[in-house]
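I have placed the structure first, in the form of structure tokens, so that the comments after it can refer back to it.
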Amino acid sequence: MSTSEKRLSKLTLFAYGLGDFASNLCWTFIGSYLSVFYTDVVGMAPAIASAIMLIAKIWDGINDPMFGAIAERTNTKRGRFRPYILFGAPVLAVLSVLAFTTIGTGTTAVIYAAVTYIGCGMAYTVVNLSYGSLSTVMTTNPDDIAQLNSWRMMGTNLSSVLLNAITAPLLMKFSGGSDSYTTGAYLKVAVLFAICALPLFYFVYVNCKETIKPAASATKVSVGTSVKTVLSNGPLMLVFFIQLLAMTAFFGRMGVVIYYLMYNVQRFDLIAAFMSLPSLFTVVGIFLTKNYIVKVGKKKMAAIGYIGAAASLILIFIVGKTAGYSNIPLLLGLHCAYGFFCFSFPIPMAMVPDAINYQEDRTGVRSDGVSYATVSLSTKFGSAFGVSGALLIMGATGYIANAQQTAGALNGINVTVNLIFGIMYLCCLIPLAIYPLNEKRSNEILENLQKKRAEADEK
């Protein structure tokens with residue numbers, strides 16, 4: 001493989017950060033509002049909405065690694081991953097709009113919802129997996145890799161700040177001042193976000209280049225061999241489980257926190273603040289800590305973040321359980337603290353290149369696409385398991401859409417949104433403690449690989 005030691009420019013880092021900003025213009029809206037759209041607008045029972053999301057993620061378990069294998073075997077003048085951003089972005093934009101449309105009623109509406117949601121998930125895989133894989137082939141410098149993933153998460157959370165600040169007001173405006181959001185309002189907002197996302201995807205395509213390319217003499221391996229090698233990669237599997245737990249907590253809470261705000265806090269005028277301020281503080285947290293990830297150590301920084309996020313959510317639960325939901329300044333402050341400690345989110349993705357290098361050094365097989373696809377499944381599974389599981393728990397504790405909730409239902413929402421996901425962040429510490437690679441060991445592996453590549457190029 002040929003590599004470049006030239007440090008990435010600020011423009012490249014900024015452009016890379018816009019990739020998740022663009023993705024989230026489509027995907028965060030789906031993650032935050034599609035469950036409410038299904039239950040409160042389409043009229044689905046929570047169990048049916050949950051089943052659709054679980055079926056989609058089961059398919060992702062097959063589709064994502066399959067596409068990863070296809071992408072890493074792609075060989076064009078544009079690179080292996082960039083073409084899928086170029087041609088996949090319009091498809092994702094269209095399907096993200098179709099997810100907020102309805103056809104028919106009853107079984108027909110459910111089938112249409114399932115098809116559009118699964119299709120949108122597949123398009124998201126094509127675009128976002130290709131975008132994420134770029135970080136493994138743009139540089140070999142550990143600091144730049146950490147910076148790429150930090151800029152990515154800043155883009156993610158800035159988009160969340162924007163979306164959470166403007167989505168509720170836009171939905172209310174497009175609903176004509178109605179007490180509830182209308183079908184047409186969801187559709188208009190989806191169209192607006194899709195139109196804004198496309199030029200950002202193309203900015204990433206133009207400014208983010210692939211510099212690590214397989215040598216012409218590289219050994220060709222079958223898809224089965226790649227998958228088997230990836231699944232036997234212990235460090236990568238641990239990163240997968242770390243991300244699975246963290247993303248289940250993060251996306252699960254994101255998908256159902258709207259219920260907590262609507263029914264427990266009951267301050268529709270503050271929904272935008274409660275949903276945008278945590279994301280803003282995540283950006284602050286990432287910005288303040290991104291230069292220390294490698295210096296302090298990825299494992300230590302991630303542990304600090306998970307413990308802080310867990311403590312914040314558990315305190316939010318306790319406040320609601322004991323003092324009620326009227327102390328808005330305290331609840332907002334704890335939500336901001338939760339957002340700040342989410343600075344840990346880019347860290348596991350910065351571990352992926354280390355795990356890929358470990359795999360290549362051990363087996364001689366480098367599988368960027370399949371490796372990244374495997375870890376990226378944690379985001380898909382997390383968003384599905386988190387939201388679907390939360391909906392099932394809320395349904396079991398008495399939640400009824402568009403109705404006055406009982407005390408038991410309100411407690412169920414509080415337990416689900418805050419306590420359960422807080423505990424899940426603490427669970428991240430288990431695979432994190434087992435993860436065997438540190439900065440010293442990763443640098444030794446990288447130096448060894450560079451020697452092997454140099455020797456291969458001389459032959």
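With rounding to the nearest 0.5 Å, the separation of OG in Ser276 from CD1 in Ile166 is 10.5 Å. Separating the CG atom in Leu200 from the CZ atom in Phe21 is a distance of 6.5 Å, to the nearest 0.5 Å. Interatomic distance, OG of Ser344 versus CE of Met301, reported as 9.0 Å (0.5 Å rounding). The distance from the CE atom of Met247 to the CE atom of Met424 is 12.0 Å, given to the nearest 0.5 Å. Once rounded to the nearest 0.5 Å, the distance linking CZ of Phe241 with CD1 of Ile434 reads 10.0 Å. Distance check, rounded to the nearest 0.5 Å: CH2 of Trp27 to OG of Ser159 gives 14.0 Å.
Phe345 and Tyr425 have parallel rings, their planes meeting at less than 30° on a 0 to 90° scale where 60° marks the start of perpendicular. Between Phe340 and Phe343, the ring planes lie perpendicular to each other; the angle is over 60°, past the 30° to 60° tilted range. The aromatic rings of Phe100 and Tyr186 lie parallel to each other, their planes meeting at an angle below 30°, with 60° marking the opposite boundary.
Considering all non-hydrogen atoms of both residues, Cys26 and Ala197 come closest at SG-CB, 4.1 Å. Closest heavy-atom contact between Ala309 and Phe341: N-CB, 3.4 Å. Residue Ala49 comes nearest to Leu391 through the heavy atom pair CB-CD1, 4.4 Å, listed as atom of the first residue, atom of the second, then distance. Nearest heavy atoms, Pro353 versus Ile145: CG-CG2, 3.6 Å. Between Leu432 and Ala302, the shortest heavy-atom distance links the atoms CD2-CB, 3.9 Å. In terms of heavy atoms, Ala168 sits closest to Tyr33 at N-OH, 3.9 Å.
Residues Ile30 and Tyr117 meet the side-chain proximity criterion, which asks for heavy atoms closer than 4.5 Å. Inter-residue side-chain proximity for Pro436 and Tyr358 is flagged as unmet; no heavy-atom pair is nearer than 4.5 Å. Between Ser133 and Arg80 the shortest side-chain heavy-atom distance does not fall below 4.5 Å. Between Lys299 and Asn438, the closest side-chain pair of non-hydrogen atoms is not below 4.5 Å. Side-chain contact between Tyr306 and Cys427 is absent, with no heavy atoms from C-beta onward closer than 4.5 Å. In this structure the side chain of Leu419 never reaches within 4.5 angstrom of the side chain of Leu313, judged on heavy atoms. Between Leu8 and Tyr16, the closest side-chain pair of non-hydrogen atoms is not below 4.5 Å. The closest side-chain heavy-atom distance from Ile304 to Thr289 is not below 4.5 Å.
Using a distance-only test at 3.5 Å, with no hydrogens or angles considered, no donor-acceptor pair links the side chain of Asn233 to the main chain of Thr229. Using a distance-only test at 3.5 Å, with no hydrogens or angles considered, no donor-acceptor pair links the side chain of Ser442 to the main chain of Glu439. The backbone N or O of Phe81 lies less than 3.5 Å from a partner atom in the side chain of Glu210, making a donor-acceptor pair. The backbone N or O of Tyr131 lies less than 3.5 Å from no partner atom in the side chain of Tyr84, so there is not a single donor-acceptor pair. Thr282 contributes a side-chain N or O that, together with a main-chain N or O of Gly339, makes up a donor-acceptor pair within less than 3.5 Å. Counting only distance, with no hydrogens or angles, the side chain of Arg82 and the backbone of Cys208 share a donor-acceptor pair below 3.5 Å. Under the 3.5 Å distance criterion, the side-chain polar atoms of Tyr202 are matched with a main-chain donor or acceptor of Leu86. Side-chain atoms of Asn207 come within 3.5 Å of backbone atoms of Phe203 as a donor-acceptor pair (strictly under, hydrogens ignored). Side chain of Thr211 to backbone of Met138: a donor-acceptor contact under 3.5 angstrom is found. Side-chain atoms of Thr416 come within 3.5 Å of backbone atoms of Gly412 as a donor-acceptor pair (strictly under, hydrogens ignored).
Atom CZ of Phe37 has more than 12 heavy atoms from other residues, nucleotides or ligands within 6.0 Å. Crowding of Phe87 atom CZ: a count of heavy atoms from other residues, nucleotides or ligands under 6.0 Å exceeding 12. In this structure, Lys209 places its NZ atom where more than 12 heavy-atom neighbours from other residues, nucleotides or ligands lie under 6.0 Å away. Atom CZ of Phe274 sits in a crowded spot, with more than 12 heavy atoms from other residues, nucleotides or ligands closer than 6.0 Å.
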Please evaluate residues Met349 and Leu148 with respect to the criterion side chain to side chain contact (heavy atoms under 4.5 Å, CB included), reporting the C-alpha separation (whole Å), side-chain torsions for both, the decisive distance (0.1 Å), and the verdict. CA-CA 10 Å; Met349 300 315 298; Leu148 280 171; over 6 Å; no
Using the side chain to side chain contact (heavy atoms under 4.5 Å, CB included) rule, take Leu158 and Ser279 through it: C-alpha gap first, then chi angles, then the decisive distance, then the call. CA-CA 7 Å; Leu158 282 172; Ser279 296; over 6 Å; no
Steps toward side chain to side chain contact (heavy atoms under 4.5 Å, CB included) verdict (Val352, Val239): CA-CA 7 Å; Val352 173; Val239 173; 4.1 Å; yes
Report the C-alpha separation of Phe287 and Ser150 in whole Å, then their side-chain angles, then the decisive distance to 0.1 Å, and conclude whether the side chain to side chain contact (heavy atoms under 4.5 Å, CB included) test is met. CA-CA 8 Å; Phe287 184 79; Ser150 292; over 6 Å; no
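For Tyr435, the ring-ring contact (aromatic ring centres under 6.0 Å, His included) criterion is met by no residue, not counting sequence neighbours. Under the salt bridge (charged side-chain N to carboxylate O under 4.0 Å, His left out) criterion, Arg441 pairs with Glu444, not counting sequence neighbours.
Side chains of Asn418 and Asn414: a donor on one and an acceptor on the other come within 3.5 Å. Under the 3.5 Å distance criterion, with hydrogens and angles disregarded, a donor-acceptor pair is assigned to the side chains of Asp20 and Asn128. For the residue pair Tyr112/Thr101, the side-chain donor-acceptor check at 3.5 Å is satisfied.
Cation-pi geometry between Arg253 and Tyr338 is met: the NZ or CZ atom falls under 6.0 Å from the ring centre, inside 45° of the normal.
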